[in-house]
Each structure stands twice: as C-alpha cells, then as structure tokens.
Amino acid sequence: MKKKIIIIIVAITLVIVLICGLYKINIIPHKSYSNKDFNITTYISQVDKDEDWIDDQTDILENVKKYIATKPKYKSAYYGTGYPDDGYGVCTDVVAFGLKDAGYDLMELVNEDIVNNKEKYNIEKVDKNIDFRRVRNLNVYFKNNSISLTTDLSKIEEWQGGDIVVFNEHIGIVSNKRNKKGIPFLIHHANPFQTSYEEDILELYGNENVIGHFRIS
C-alpha cells in the first residue's frame, strides 16, 4: 500500500513538472490581456507611410499577423529575390514582411543606409538580397532610422504592439497581447520546432538579452 502511494505521488509530481514545463515553453497557451486591462493607452502613429488610411503602428502589427498566419516554415537560405518566396523564412523575415506592406521596404532601405554609412555596418561585401535579413544589420539600421525606446521590460506602458525588439541573435515584433504582468507577447520565428509564432516569451529571453527596442514612427 505504501509503495502504491509513493508511485502515485511520483506520478503526480512528474505530471505537474511536465505541465509546468510545457506551459513555460508555450506549448500550453498562456492567458492574454490587453492594454485596456492595465490602463495603457494604445499608441497610434501620426504617420501613414503607404497612405492606406491605417497608421504605421497599427499597419505593422496587422501585417505581421497576416504573415505569421501563413505559417512560414523555418529555413535559413539565400534568395535572389531578397524576400523569401517559397513559404520559408527566419526571424528577420517576420520584421521585413511586417514592415513591407506598411510602406517600408527594408531590402531597399537597409541597402541605402549601408551604402551611405558603411563604417557603421562593418560589411566587407554589400549584398542587397541578404543584408536586410541579418539581425546585426537591422539593429544598426533601426538605431539610425527609428525611435529608440526602453529595453526595460518592467516599464510595460512603453512597450506597444507593432514595436520592434532586437536580441543578441534574434529579432521580432511586439504583440498587442500581454501576460498577467503586463509584459507583451512576442511575434517571432525562432526555430523549426516552434508551435506558435505569438508567444509569452519576452521574460524568458530576459532583460539582459534585449539590445534594442524601436518604433518606426
């Protein structure tokens, strides 16, 4: 009888650990909250780059959600078209496609900035088709051409859906969904095994790994 009780306790413990693990890595979906739940005013840009009657901040957020709805498969590859055209992509493509339909063609914009500011990019050979798909280049570009914001995740009111967040070797778009602490979810594409593209994972990356937080306009 005692042995059975021990087995039951061990089994329950393992189940709890498994559930906690699956929750932590977002296999089990997290409850989400909105700006309204934290009395945060949603940021509306005064710019409409592509003149579609949708402000840039909203446009970027809507477009990136349309992109991840296509469920791109993860693969790092070179494309003569610049933008992947075969249903595959990496983390930088989430940002590039999110901005593209809002009027910001990063392939052209990053290339132009590299040509005009080579000393900032430290690139030996300029290649328009791939340079805008590298995290380090995008970090430099956004530092030069967008609004730099806090990297402190505890300042939740300063993080808005449609912002761009850069890590040491990763990049994504800030979601308009938030966790129970008010920290926003991240829209990103990190690996071939990712089950969801919009995850409560910013805290898991940690403040120390956030090297840039930007807003286009």
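Numbering of residues begins at 1 and proceeds along the displayed sequence.
- A cation-pi contact, defined as under 6.0 Å to the ring centre and within 45° of the axis, is absent between Lys143 and Phe214.
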Using side-chain contact (heavy atoms from CB on, under 4.5 Å), reason through Lys100 and Tyr83 one step at a time and then give a plain yes or no.
CA-CA 10 Å; Lys100 189 171 185 287; Tyr83 291 90; 3.5 Å; yes
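- For the residue pair Tyr104 / Asp50, no side-chain donor-acceptor distance below 3.5 Å is found, with atom types taken as modelled.
- Distance alone, capped at 3.5 Å, is enough to place a donor-acceptor pair between the Gln160 side chain and the Thr41 backbone.
- The salt bridge (charged side-chain N to carboxylate O under 4.0 Å, His left out) pairs that include a residue from residues 152-166 are Asp163-Arg215, where partners are two or more places apart or lie in different chains.
- Asn111 and Lys128 get closest at one heavy-atom pair: ND2-CB, 3.6 Å.
- For the atom pair CZ of Arg133 and CE of Met107, the computed distance is 11.0 Å after rounding to the nearest 0.5 Å.
- Residues Asp113 and Asn144 have side chains that bring a donor and an acceptor to within less than 3.5 angstrom of each other.
- Across Gln57 and Ser217, no two heavy atoms sit closer than the pair OE1-O, 4.3 Å.
- The shortest non-hydrogen separation linking Ser146 to Phe142 is OG-O, 2.5 Å.
- In this structure, Asn137 contributes its side chain and Arg134 its backbone to no donor-acceptor pair below 3.5 Å.
- Taking the six-membered ring wherever Trp is involved, the centroid distance between the rings of His189 and Tyr74 falls below 6.0 Å.
- A salt bridge is defined here as a Lys NZ or Arg NE, NH1 or NH2 lying under 4.0 Å from an Asp or Glu carboxylate O, and Glu198 with Lys65 meets this definition.
- Between the side chains of Asn129 and Tyr78, at least one donor N or O lies within less than 3.5 Å of an accepting N or O.
- Exactly one residue among Ile114, Asn116, Val115 makes a side-chain contact (heavy atoms from CB on, under 4.5 Å) with Glu112. That residue is Asn116.
- Asp48 places a side-chain N or O within donor-acceptor distance of the main-chain N or O of Asp52, the cut-off being under 3.5 Å.
- Rounding to the nearest 0.5 angstrom, the gap separating the OG atom in Ser32 from the CD atom in Glu199 is 13.5 Å.
- For the pair Lys71 and Tyr197, the cation does not sit on the ring face, since its NZ or CZ is not both under 6.0 Å from the ring centre and inside 45° of the axis.
- The aromatic rings of Phe97 and Tyr67 lie parallel to each other, with less than 30° between the two planes, well short of the 60° mark.
- Tyr205 and His170 have parallel rings, their planes meeting at less than 30° on a 0 to 90° scale where 60° marks the start of perpendicular.
- In this structure, Tyr141 has its ring center no closer than 6.0 Å to that of Phe132.
- Nearest heavy-atom pair across Leu202 and Leu153 is O-CD1, 3.7 Å.
- The heavy-atom pair separating Ile60 from Ala102 by the smallest distance is CG1-CB, 3.9 Å.
- Every residue was checked against the side chain to side chain donor-acceptor pair (under 3.5 Å) condition with Ser148, not counting sequence neighbours, and none meets it.
- Atom CD of Glu124 has 12 or fewer neighbouring heavy atoms from other residues, nucleotides or ligands inside a 6.0 Å radius.
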